[in-house]
Protein chains: 2
Amino acid sequence: MYLFWEKGFAATSLSDILERARCRSGSFYHFFESKEALLHAVLELYATMFDVVIAQPAFAAASDPIERIFAILAGYRERLLQTNCTYGCPIGRLALEVDPNNTTAFQWISTNFTAWRGAVETCLAAAPLPPTTNIPDLASLVLTLMEGAVMQSRAYRSVEPFDAAVRQLRAYLGMLTAAAEDAPKRG
Amino acid sequence: MYLFWEKGFAATSLSDILERARCRSGSFYHFFESKEALLHAVLELYATMFDVVIAQPAFAAASDPIERIFAILAGYRERLLQTNCTYGCPIGRLALEVDPNNTTAFQWISTNFTAWRGAVETCLAAAPLPPTTNIPDLASLVLTLMEGAVMQSRAYRSVEPFDAAVRQLRAYLGMLTAAAEDAPKRG
DNA sequence: GTCTATAGGATGATAGAC
DNA sequence: GTCTATCATCCTATAGAC
């Protein structure tokens with residue numbers, strides 16, 4: 001799991017895996033049919049871990065629904081800082097690297113993304129937004145923004161692009177909630 | 001260039017390259033010191049090509065500065081459709097894949113991103129936005145959004161996430177230009 | 001379930017003739 | 001500048017003893 005995150009799938013060799021797991025190939029192939037099967041298991045594990053690792057800590061860190069979204073993003077900022085902005089979202093990295101023919105992997109990748117968007121949708125549904133707001137679109141935007149921001153921060157080896165994206169999201173959501181507050185006064 | 005886009009750097013072997021270039025290894029190593037040197041040359045070529053391939057067509061397709069930004073994004077939508085949403089931005093893909101120690105590669109990746117943001121900044125500077133608008137932040141957001149949107153469309157094998165991101169950007173920029181129009185009336 | 005040993009092929013890169 | 005031939009190493013995966 002760690003190696004696919006750090007080096008990607010193709011650049012991680014079986015001997016890398018064996019060394020890190022401190023076992024021999026016989027043990028590996030006793031549990032996994034192939035290197036690709038390990039990838040599937042890793043992606044499945046990410047999906048399983050999502051609530052505990054991503055959603056719950058962010059939901060515990062804030063009670064305001066909009067701030068919970070920013071708490072999720074703050075988690076990624078923390079991970080960027082911890083790695084000197086070299087790594088990023090492991091799912092995003094694999095989403096761009098894995099062979100499109102690997103349908104099983106992509107099913108798990110989309111499962112992860114869907115869970116992520118679902119958590120944000122939950123927050124948005126509880127937020128004071130205009131009733132016309134397209135919440136699935138907006139949740140998709142937040143994921144899009146996180147992934148693009150992490151990528152750009154890796155490219156520049158700086159949190160600044162990430163922070164810029166968060167600032168802009170804050171401005172946009174601020175305008176939306178302001179519009180929701182104005183609407184009742186008008187109508 | 002094509003193979004790094006299609007398969008990534010690690011998954012592209014020298015024999016893949018030789019087959020596609022229809023030459024032998026002797027010829028390859030006459031021009032390039034290593035596979036990594038080819039990567040650097042490819043990234044440099046992308047930077048060289050940016051104006052002709054990305055900026056100029058979009059600027060020619062629209063005269064309104066905001067619509068020029070959406071014309072850039074429409075170019076990526078077209079590329080997604082042409083590849084059944086399997087590929088994406090080649091720079092973005094390499095930004096997540098390439099070893100962070102490969103500083104030369106990352107210098108070229110950031111050069112590409114900076115050129116991209118520069119084109120968007122040019123558009124934003126000509127657009128009717130509130131004078132307080134942070135144009136570099138906003139240009140960075142557009143790149144962030146494009147990269148994240150392409151990634152998510154690849155993950156779901158659908159243009160829908162890309163379109164959702166564009167819709168949201170349009171809404172945000174619409175609110176900003178509306179605010180700029182209101183401001184003179186108030187002040 | 002873990003070990004050693006190894007198959008069978010691909011890998012990036014080089015040497016040197018032409 | 002392109003060719004053939006090849007090096008040395010690494011790769012994923014398997015076989016079979018224990």
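Computed from a predicted model, the values in this text were never measured in an experiment. Note: hydrogens, waters and symmetry copies are ignored here, and every other heavy atom, side chains too, is used. Reminder, nothing fancy here: chain letters follow the sequence lines and each chain counts from 1.
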Using whole Å, report how far [atom1] of [X] lies from [atom2] of [N].
X     : N      : atom1 : atom2 : result
A:R24 : D:dA13 : CZ    : C1'   : 16 Å
A:F28 : D:dA13 : CZ    : P     : 8 Å
B:K35 : C:dA13 : NZ    : P     : 8 Å
B:L3  : C:dT11 : CG    : P     : 12 Å

> Is the NZ or CZ atom of B:R170 both under 6.0 Å from the centre of the six-membered ring of B:F70 and within 45° of that ring's axis?
Replying inline: yes
Looking only at heavy atoms, what is the nearest atom pair of [X] and [Y], with distance?
X      : Y      : answer
A:C123 : A:I69  : CB-CG1, 3.5 Å
B:A47  : B:T111 : CB-CG2, 4.2 Å
A:N84  : A:R157 : O-CD, 3.2 Å

> Do A:Y29 and A:L14 come within less than 4.5 Å of each other through their side chains, counting heavy atoms only?
Replying inline: yes
> Does any non-hydrogen side-chain atom of A:L38 lie less than 4.5 Å from one of A:F4?
Replying inline: yes
> Between A:E147 and A:R93, does at least one N-O distance fall below 4.0 Å, as a salt bridge requires?
Replying inline: no
> Taking DNA chain D as the partner, which of residues 93-106 of chain A come within under 4.0 angstrom of it by heavy atom?
Replying inline: none
> Cut-off 3.5 Å, side chains only: do B:Y156 and A:T114 have a donor facing an acceptor?
Replying inline: yes
>> Is it true that A:D16 and A:S13 share a donor-acceptor pair across their side chains at a distance under 3.5 Å?
In response: yes
> Would you find more than 12 non-hydrogen atoms of other residues, nucleotides or ligands less than 6.0 Å from A:E19 atom CD?
Replying inline: no
> Where along residues 4-22 of chain A does a heavy atom fall under 4.0 Å from DNA chain C?
Replying inline: none
Check: protein-nucleotides 14-18 of chain C nitrogen or oxygen pairs below 3.5 Å:
residue, atom, partner, partner atom, Å
C:dT14, O4, B:S25, OG, 2.6

> Does the pair B:E160 and B:R167 meet the rule for a salt bridge (Lys or Arg N to Asp or Glu O under 4.0 Å), with working shown?
Replying inline: CA-CA 10 Å; B:E160 177 47 28; B:R167 279 195 298 270; 2.8 Å; yes
>> Side chain of A:S34 only, heavy atoms from C-beta on: which candidate in D:dA13, D:dC3, D:dT2 is closest?
In response: D:dA13
